[in-house]
Amino acid sequence: MPELPEVETIRRGIAPHLIGRRVESVVVRQPRLRRPVPAELAEHLDGQPLQAVGRRGKYLLLHFPNGTLLIHLGMSGSLRVLPGASPAGRHDHLDLCFEGERRLRLHDPRRFGLVDWQALGTTHPWLARLGPEPLDADFHAQWLTQQAAGRRRPIKSLVMDSAVVVGVGNIYANEALWQAGIHPRRPAGDLAPPELVRLVEAIRQVLQAAIAQGGTTLRDFTRADGRPGYFAQSLAVYGRAGEPCNRPGCGGRIEQTVIAQRSSYYCPQCQPAP
DNA sequence: CTAAGGACCTGTCGGC
DNA sequence: TGCCGACAGGTCCTTA
């Protein structure tokens with residue numbers, strides 16, 4: 001479900017409710033996510049005050065004095081801040097109960113999510129090989145050019161590779177390629193320098209616009225308070241197969257195909273095939 | 001090294 | 001109405 005804009009929206013949503021509060025208890029109802037939730041989570045967290053809520057790619061980072069709790073929401077995960085006594089439903093796998101009757105609840109029907117502990121002063125293996133943040137200055141055309149050089153894999157698959165750049169999932173990869181006028185199946189190494197410049201700019205722009213709208217709600221994404229995100233109405237290609245291209249004067253119709261096992265959308269007019 | 005495909009899960013939707 | 005397959009916002013691991 002969540003790509004970078006959705007995770008950032010959640011980060012901003014939960015932080016003000018929880019920062020400065022101590023964890024009073026941890027409830028694990030279902031430890032079997034993609035990896036088992038560590039059994040000693042409560043020992044790490046009990047009594048610790050939450051100092052900050054960060055994000056690296058699609059990982060949320062809950063910083064405590066003794067370490068960091070990593071949360072990845074996978075395809076279907078969501079987090080809500082709830083009152084202290086909120087009855088749990090199906091797929092409510094984990095609660096962090098904070099002082100002052102605040103409860104952070106992880107809900108994840110598909111259980112592709114991840115939760116793990118990173119001790120102070122260590123780097124978790126999940127974070128060790130991540131590429132630059134797309135909205136930071138070290139994500140630039142020169143970096144993408146270096147990553148694309150000599151690669152035959154489709155450009156869409158390259159920009160979705162978290163070692164190249166983090167946080168770009170299926171929706172925003174499709175959107176950014178449309179905005180840059182690049183066909184998703186083009187071999188990465190064949191892109192011309194101006195195309196790579198445009199693509200970097202498009203990725204930045206699409207992600208920033210989506211964050212400003214609170215992310216994309218297709219079916220079940222909600223912010224920490226339960227509201228949807230409004231970027232869905234700004235999607236140019238994702239989920240729009242058969243509909244007309246939005247580019248003024250284009251007149252193409254959006255097509256759908258599969259690239260690297262993921263649904264891919266593009267306009268055959270303004271994103272010429274390889 | 002690169003790239004592709006399966007695996008992990010449940011829910012929903014469309015077709016018959 | 002009910003069943004069955006396809007598909008869904010992600011990543012890790014194995015295989016070629």
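On a predicted model such as this, the values are computed, not experimentally measured, just so you know. Below, chains carry the letters A, B, ... as their sequence lines are ordered, and counting in each starts from 1.
Counting any heavy atom pair closer than 4.0 Å across all strands shown, A/Tyr59 reaches sugar-phosphate atoms only and no base atom. Note on A/Ser157: nothing from the nucleic acid sits closer than 4.0 angstrom, heavy atoms only. Nucleic acid contact for A/Arg152: sugar-phosphate only, since backbone atoms but no base atoms lie under 4.0 Å from a heavy atom of the residue. Using a 4.0 Å heavy-atom distance criterion, A/Tyr172 is classed as making no nucleic acid contact. As judged by a 4.0 angstrom heavy-atom cut-off over every strand, A/Arg34 is placed among the base-contacting residues. Residue A/Arg90 is classed as a sugar-phosphate contact, given heavy-atom separations below 4.0 Å to backbone atoms only.
A/Leu73 has its CG atom 15 Å from the C1' atom of B/dC9, to the nearest Å. One atom, CD1 of A/Ile71, and another, P of C/dT11, lie 15 Å apart when rounded to the nearest Å. Whole-Å rounding puts the A/Gln261 CD to C/dT15 P distance at 16 Å. When the C1' atom of B/dA3 is taken as reference, atom CD1 of A/Ile155 falls 15 Å away, rounded to whole Å. Per the geometry, CG belonging to A/Asp220 stands 11 Å off P belonging to B/dC13, to the nearest Å. Between the CG atom of A/Leu33 and the P atom of C/dG10 there is a distance of 17 Å, rounded to whole Å. Distance, A/Leu218 CG to B/dT12 C1': 14 Å, rounded to whole Å. With rounding to whole Å, A/Met160 atom CE is found 14 Å from B/dA4 atom C1'.
An OP1 or OP2 oxygen of C/dT11 is reached within less than 4.0 angstrom by a side-chain nitrogen or oxygen of A/His72. In this structure, A/His91 reaches the B/dG11 phosphate: one of its side-chain N or O atoms is under 4.0 Å from OP1 or OP2. Of the side-chain N and O atoms in A/Arg153, none sit less than 4.0 angstrom from OP1 or OP2 of B/dA4. Distances shorter than 4.0 Å separate some side-chain N or O of A/Arg111 from OP1 or OP2 on B/dT10. For the OP1/OP2 pair of C/dG10 and a distance below 4.0 Å, the side-chain nitrogens and oxygens of A/Arg35 include no atom meeting the criterion.
A/Arg247 forms a cation-pi arrangement with A/Trp178, by the criterion of a distance under 6.0 Å to the ring centre and an angle within 45° of the ring axis.
Checking side-chain atoms of A/Gln271 against main-chain N and O of A/Pro184 turns up no donor-acceptor pair under 3.5 Å.
Nearest to the side chain of A/Arg262, among B/dG6, B/dG11, C/dT11, sits C/dT11. Of the candidate nucleotides C/dG10, B/dT10, C/dC12, C/dG10 has the atom nearest to the side chain of A/Met75. Closest to the side chain of A/Phe112, from the set B/dC8, B/dA4, C/dT11, is B/dC8. The A/Arg32 side chain lies nearest to B/dC9 when the options are C/dG10, B/dA3, B/dC9.
Pairing of B/dC9, defined by two Watson-Crick or G-U wobble distances under 3.5 Å, is not identified with any nucleotide.
Side-chain atoms of A/Glu3 and base atoms of C/dG10 include no donor and acceptor less than 3.5 Å apart.
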Going through the distances and angles, do A/His107 and A/Asp92 end up as a side chain to side chain donor-acceptor pair (under 3.5 Å)?
CA-CA 4 Å; A/His107 175 90; A/Asp92 289 339; 2.7 Å; yes
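Looking at which nucleotide of DNA chain C each of A/Arg110 and A/Leu114 is closest to, the 5′-most match is held by A/Arg110.
A side-chain N or O of A/Tyr266 and one of A/Glu255 form a donor-acceptor pair less than 3.5 Å apart.
Shown here for A/Arg29 and A/Asp95, the closest heavy-atom pair between the two residues is NH2-OD2, 2.7 Å. What you find for A/Glu99 and A/Gly20 is that their closest heavy atoms are OE2-O, 3.8 Å.
Taking CZ of A/Arg103 as the start and CZ of A/Arg80 as the end, the distance is 13.5 Å to the nearest 0.5 Å.
Nucleotides C/dC3 and B/dC9 place their P atoms 25 Å apart, quoted to the nearest Å.
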